[in-house]
Every structure is written in C-alpha cells, then in structure tokens.
Protein chains: 2
Amino acid sequence: MKQDTLRYRLLEAQLELARRGDRAVVLLLTGHAVTHKGQLVNRLNHWLDNRHTEVHALAPSSEEQARPYWWRYWRRVPERGRVGIFIHGWHGDALFARAERRLSPGAFEDRLARIREFEAELAAAGVVLVKLWMDIGRHAQRERLQALQADPALAWQVGPVEWQRHVQHAAIQALGRRLRDATDVPYASWKRLALRAPDEQLPRVGEALLDALEAPSASPRPVVASSLAALPEAPALLHTDPEVARRLDKSRYRERLAAAQARLAINAREAARRRLPVVIVFEGQDAAGKGGSIHRLTAALDARQYRVHRIAAPSDEETLRPWAWRFWRRLPADGRIAIFDRSWYGRVLVERVEALARPDEWQRAFAEIRQFEQQQLEHGGVVIKLFLAISKEEQLRRFEARAATPHKRHKLTDEDWRNRERWDDYRLAIDEMFAATHRHGAEWTLVGCDDKRRARLAVIDTVNAHLEARLQSSR
Amino acid sequence: MKQDTLRYRLLEAQLELARRGDRAVVLLLTGHAVTHKGQLVNRLNHWLDNRHTEVHALAPSSEEQARPYWWRYWRRVPERGRVGIFIHGWHGDALFARAERRLSPGAFEDRLARIREFEAELAAAGVVLVKLWMDIGRHAQRERLQALQADPALAWQVGPVEWQRHVQHAAIQALGRRLRDATDVPYASWKRLALRAPDEQLPRVGEALLDALEAPSASPRPVVASSLAALPEAPALLHTDPEVARRLDKSRYRERLAAAQARLAINAREAARRRLPVVIVFEGQDAAGKGGSIHRLTAALDARQYRVHRIAAPSDEETLRPWAWRFWRRLPADGRIAIFDRSWYGRVLVERVEALARPDEWQRAFAEIRQFEQQQLEHGGVVIKLFLAISKEEQLRRFEARAATPHKRHKLTDEDWRNRERWDDYRLAIDEMFAATHRHGAEWTLVGCDDKRRARLAVIDTVNAHLEARLQSSR
C-alpha cells in the first residue's frame, strides 16, 4: 500500500471507529532496546487523530504501586471509540522483571497466565488487541547503540538501561520467545518485526493497526455521539494580520513549519526535563482549523508526553459535581502537556449563549476561571491560550467545501449552521471573555486563520515563545 | 435535642439528601491536637449511612504532589447527594504549613485567599460547607497528652507530631484565629467548639451537620435515581443455622456485639499497620439486612480507613469500558478497606436474570471474577465474601413491615416485588455462582439472616476470622 493511501485509510478508519464507538483498539509494542519504538509511536501518532488516541509508557505512581498490579492497566483501558498505544506495557513489565530477576521463573509463568486472562477479558469486551514484537540482532543492536552515542543530538536516547538490555540480549530473546508463545492466541496474536529504518517500519506498524481498525465488528452497538456546540465568527476586536491576504506559498510554509517544530521538540523536551506542567487551550470558531493546528503542534511532541482532551458534553459523573471538576481532573502532571480542544471557556461561550448555564453561573465563571488558571501558575505551570479566528466569509467557504467533499461531510453538522445564526450573541460573549480572562501569565493569543498555513505557524510560534520565556526565566 | 432524636433526624436528613441529589455536604474539622477529632468523626460516621458518606484524612500521593495543590481536593469533592468529611483538610494544611514555616507569611495570606475562592466556588455549585474549629487550652492539652500517653491502649494516639503541636500551641491559636477571620463568610461560616468529652461534643457536631443537611435547597434539581435490581430469596443449598429459630435476646446480643467490634477494631488497625488491603463483599436478597450489617461492621472501624461502595447502575464513563473496569477502579489501596454493598457478582445475578448481559457474557464472567479476585490475593489482599440469606417468608414479613412504616416505605420498591416473582431464576443463578466462585482464599460465607442479631454477629465474626487468619499467617 502506498504510504499516503495507508495514512489516509488509517485516519478514516479511526474516525469511523470514533463515530461508531463500538469498540476500543489497543496497540502494544515491546521487544529489544533501540528498535525505534518511541519514534514509531510518535510518527504513527502523528498520522492518527490525537483527539481519539492515548499513549502510555509507564513508570508506576505511588497510587498504582499500592494496588494490585493490574490496576495500573485497567485504569488505562481506553473507552470505546478510542485507540490506546502502550510502549512495553504488561509484556515489557513481565519480560524485564524476569530478565532482571525481579520475578522468579515460576512467577514469570504465572504472570504469563495472567496476561492471557487479561487479554481474553479485554477481547471479550470488544477491545481489539494488536501486539508487535520489535526484533534486532545482537550485533546490529551494538552498532546502533554506538552510532546513537556518537551523535550529540541523539546520545540522550542511550543510557545504562539500554546497555544493560544489550548485555542481556540473548536472555531477552529467549524470554521474548516464551512470552510470545504463551500469549499468542487467535484474538490477540503477535506480529514480529525485524529491524528496519523507521521509514520502512512505519508502514508495517500502520498496516497492523489498520487491520485492527477495519476488522468487522462483532456486535453493532448504538452510536453514542455528543458534541459541544461550536463557536461562530470572530468578534470585532479580532483583527487578522494584514499579511494574511497574501497566502504563504507551500515550500516556504514547509520550511518554516519544520524549523518551528524542531524548536518545539527541543523546548518540550526541556520542559519535561525540568518537570514543567504545560496546558495549551484551543478555542475558536467552527472550521477555524483547531484540529489541523493541534495536529501540526503534536507532530513535534513525544507522544508519551502529551494528551489531547477533546471537550464535549460532560459525562454523568461530571454533571454530579461542580462544573470545574471535569477540568481539574484533566490537569497534567509535572512534565506533561495537556492540550484542550475546547476547554473551560465553554462555560462563558456555548453554555452562556445556549442558556445551558444560568446568568449568575456564567457570570461567576469569569472569576472561577481566573482562579483555576492562577492555581496552575502558582504550581509552576505554563498556561497558553489560543483563540483561532476566521472571518464569516471564510467560514462559509469552508462549510461549503466540507459539504462538497464526501470524506469531510461528517465534520459539518446542522449545529454548525445554527451557530452561525447566533453570531452577535457569540461576539458579545467572546468580547467579554477576553476582557475578563486576558491576564498576565495567562494571556490570550488571537490567531487569524483565514490562511491555514500562517495560522498553523503562528500557533507553534506562540507555544514556542511561551515555553522559551518560561525556560529562560526559570533557568 | 435528645441524642436519639438527633441521630434519627440526621439519618433521615441524609437519606433525603441522597434521594433528592440536589447538593453535596462537606464537613470540615480542624484545630488543635488531641481534641477527639478522629473519635468524633468515627462516631458521627456511625450515625450516618455510610453508603453515602466519605471520610478523608490526607497524606498526598505522588500523583497529587505532581499537580497543582488544589487537585487533591477537587478530585475528592463529593457527588451531589453525598456527604464528604475532611479531617484538617485545606484549613489544616494551611495552618500547619505556616506553623512549621513551610509557608511564608505572605504565602499563608495567599493561601487564605485561595481558600475563600475555592469555598465560594463549591458553595455556588450547591456544596454546603460546615466548618468546625476544635479548641483546647494549652494546659488542658498537656494534661490530655500525658493521660493518653500513660494509657497503654491509647498511647498510639500520641506521637512527635502531637507534642510538636503542643509546643506550638500559642502559634497555632493565633494562626487559627487569622484563618477563621479570613475565611468566615456567610455561606461557609466557622463554628468554634471548646473541648468537651466526646459524648458531649458529638451532639454539637451532629447539630451543625443537621443544619446543613436540612437547609432549604436553593434550586430544586431533578432526582437522579438508579438502583440495581435486588436479588430475591436464598437458593436451596443455603441452610440457615438451626439455632436461628431461637432468637437472641437483646442484652446478650449487645454484649457479644461489643466484644466482636472491639476485636474488629484491633484487627483492622493491625491490617492498616501492615498495609494489607481488604475487600469485603456483601451480596444477598433484598431485605436480608445488608445495610444494617454493614453499619454494625463499620461502627468498629476508623472512618479514615474504609469506604463503602454502593453498586448501582454503571455511569456512562463506566459503560464505555469493559464491565470489570468499574470494580477495578474501586479497589482499595494497601492498608485500606473497601466494602461493597453489592458487587461484581451482579454480573452473574441480576444481569443474568434480567438479561442485561448476554449468555456468553455472564458465562465468561465466572472466570473473569475468579481472576479478578485472584489478582487481589496475589497482591496480598484479603477477600471476604458474605451472602446474606433470608427465607421467603421472612422477606415477605419485612416487606410488609416496611410498607407499614412511614420512614421505611422508601426502602421498598416495585422492583422488590417483581424480583420475588423471579425466584427460581435467581435460585439457579445463585447456585451456579457459588459453584463457580467459592474458591480457596476467596470463600463465600453464607449467613442466615432471619434473626437480624445473629446475622450481624455472624458478619463481624466472619470478618474477624478472615483477618486473624491472615494476620497470623503473615506475622
């Protein structure tokens, strides 16, 4: 399959999964050290819609250590409609615990039995499992370790753990064989991938995932779809960059995008090293390009570091508590990045305009939001807020283009058209939101989005500027 | 108010709160050391229905430390319809952090401002706050510390922290005054209680809580009530103790109950000391007396150590995941006790009988349940499973008594009568459940409940026997 075709089909299949919501998909990668696992997950993640994807590479917390082993994985089982990716996961735990003699041979066999049971239970509940073993010969591994270590830009990827796993190559090979034999079942079979360059390996990983996404569904379930009404047009105070009229040509764009992403990768790694928590808020009108901007932003990030939270209608556990509870629970831990595709600002936008909150409730929310962000700042967090604005004319053009394109038609709903009619109400709400919440340390950045390319660059530049300001000040 | 009246009104008001589900109540106790706070919370908790109560005394986990300070309290905000009790809580944090100079004077003032904001936000969302300051003079405190230390049975209550707080009595007194001044607002005012014996103090704490429970509701909300259909009668293989026919007289019962509870208190404290996680499952027919048995059991426990999970219909976040997810998330941490009022066995009882699960699903559940319990055992947990059985005749008598008693009428629903009609279906399901899940280390104990007193004793004795067996074997 051509790479572009694969990528397109993966995204389509994932969106179809999210729409149907009939099962979850879990992709597990484990195997030898320095087999590009992290890189592959990052690239694959870039292909996927990260509003429906979560990546896990575990270092168990004290809350996890204080409970039965499997608790840490049960709490991370993805919801139906979502894709969960685990690096090493329960297979790696078993493998390395045995290699490092933290598990006796008998305990290792018991663990394999537990893995079979756990996977059977997931499969029975409609979770599709994809298990990949990343292989490499001992000699090739040594060469890769040495090459990485010799390159100053890559040397951080090699530490004592990688060398220890190289020394234990034969043991890991044998344990891996036993692991795969013991847990290879029809509904969760292993696929073994020999070392290749990431460019060659990626299609193989992608195809394995595509098979899982496209597998026929056992029992159709009702579609559970709920989405927050989108915001319309920009308020008067938003001025778009006059440069926007002149579109940025594609080759310049690509060059500048690559440079901005490279900077972002460095900044994000440094933020993780210093354990800075980062929150990035995306608000803006429908069709302004939030999804595309988030996609370009996360392309530069390590999939293990961030999570995208798509904010739709609250769950019933959330409606039973004060409104801010559902945002508090999503705050990132130190060193992590939480990206909000819509956010707590819905309280003073859609909930206000659609009368889902009473006037006293949304009025109070301005102060509550300021406090919420203030508390993140006091904890040492970075708060970056982006409002993506397009003109009313451009929005109409995009709506019409969506309606005309078969695979984009699902992005356009009746609600989108309805929201356009409430233009002035939203305009007032947005004006007041800026006035009340544009504060030192938690400033809003307005991004004119009539030109998508400039907008995407502006988003990444803004995030870079905020991170760099913080990293320099706290040096 | 007479103590019995107060107790009755508290319970009624709490059940009314749970039924209406229109707000949550948060009770906060802080103040000087050795003012019976723990004891008062335990006794109060015994008066309340602990299926709707949660008690928190925090030592922040690594996941909490890695997030903004308030995250640890936001995640513990009770659902509407529930009561949350905090010992020290955010007030104690501020007070002692300043006394121990972990907060500067300026940071302490900032924290007080944050407390005002947090409480305003809760109050606005319909959370009623009750704030109690426990006072004691310096001289009286010294006497109490010395008396406690001299009593071998109570000396564990006094450690270096208590002595340090005694040394800092004047500072804590002054900081407490400032704390109360700064956070005393109409919707969350402070009540200051001078030291009294727990018997005298308890009514004052109870009345403060009662005021909060009975306060008129600002805006009525729809009642969200969902309950799992109850199980009917015992299966044939259940034999009730022949002794049951002879009722146990009240004074004998009280004597034996007190002795069993005293034993349980010691066993539970030892389990906490050794960081054993304990799971206690209650299943049984409707009106068999699960609620009353749980109540007598928890009377002997420290409210900070246990939590009762009432299992009703799954939330929508739960229905999006494999069925066992909602039980995994409720597993206790090491040293804690989780009591399940109905449990994962609903999968093979009500879900089977009412066809809420497909035959392949509930059949598979037998193995899944065995694995779930096995994993708790492997982690070092104690699993105690109680089935409370009554005869069909006794159930009828109790249903009729409930129907005839105004304040018990709400306990009886049409579902209860409907379940009686599915007698044989449940009988088969229960028989198969025992056959499949009565396993070494996770045995079922059948308790004949036609005599409530004997049943309650049998429940506590069973829990004691299990705990003692484990505590002896792991010594």
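Note that the structure is predicted; figures quoted are calculated from it, not measured. In what follows, chains carry the letters A, B, and so on, assigned in the order in which the sequence lines appear, proteins first and then strands, with residues in each chain numbered from 1.
Of the atoms belonging to B:Ala324, heavy atoms from both backbone and side chain fall under 4.5 Å from chain A. Neither the backbone nor the side chain of A:Ala365 has a heavy atom closer than 4.5 Å to any heavy atom of chain B. Heavy-atom distances place the side chain of A:Arg364, and not its backbone, under 4.5 Å from chain B. Residue A:Gln65 touches chain B through its backbone alone, counting heavy-atom pairs closer than 4.5 Å. Neither the backbone nor the side chain of A:Ala24 comes within contact range of chain B; no heavy atoms are under 4.5 Å apart. Both the backbone and the side chain of A:Val77 come within less than 4.5 Å of a heavy atom of chain B. Residue A:Arg336 does not touch chain B at all, counting heavy-atom pairs closer than 4.5 Å.
Each of A:Arg114, A:Arg111, A:Arg67 was compared with B:Glu378 under the salt bridge (Lys or Arg N to Asp or Glu O under 4.0 Å) criterion, and only A:Arg114 meets it.
Qualifying salt bridge (charged side-chain N to carboxylate O under 4.0 Å, His left out) partners for A:Glu318, counting only residues two or more places apart in sequence or in other chains: A:Arg329, A:Arg330. Among residues two or more places apart in sequence or in another chain, the salt bridge (charged side-chain N to carboxylate O under 4.0 Å, His left out) test is passed with B:Arg116 by none.
For the residue pair A:Glu361 and A:Trp323, no side-chain donor N or O sits within less than 3.5 Å of a side-chain acceptor on the partner.
The closest side-chain heavy-atom distance from A:Arg326 to A:Arg321 is not below 4.5 Å.
Ion pairing between a basic and an acidic side chain is recognised when a charged N comes within 4.0 Å of a carboxylate O; A:Glu373 and A:Lys385 show such pairing.
For A:Trp70 and B:Phe372, the distance between ring centers is not under 6.0 angstrom.
Of the listed residues A:Gln374, A:Gln376, A:Gln371, A:Arg75, the one with more heavy-atom pairs under 4.5 angstrom with chain B than any other is A:Gln371. Interface check for chain B: of the options A:Ser315, A:Gly381, A:Pro68, A:Pro322, the most heavy-atom pairs under 4.5 Å are formed by A:Pro68. Contact count versus chain A (heavy atoms, under 4.5 Å) is highest, among B:Asp316, B:Leu331, B:Asp110, for B:Asp316. Among B:Gly335, B:Gly81, B:Pro277, B:Pro332, the residue making the largest number of heavy-atom pairs under 4.5 Å with chain A is B:Pro332.
By the 30° and 60° cut-offs, the orientation of the rings of B:Phe86 relative to B:Trp90 is tilted.
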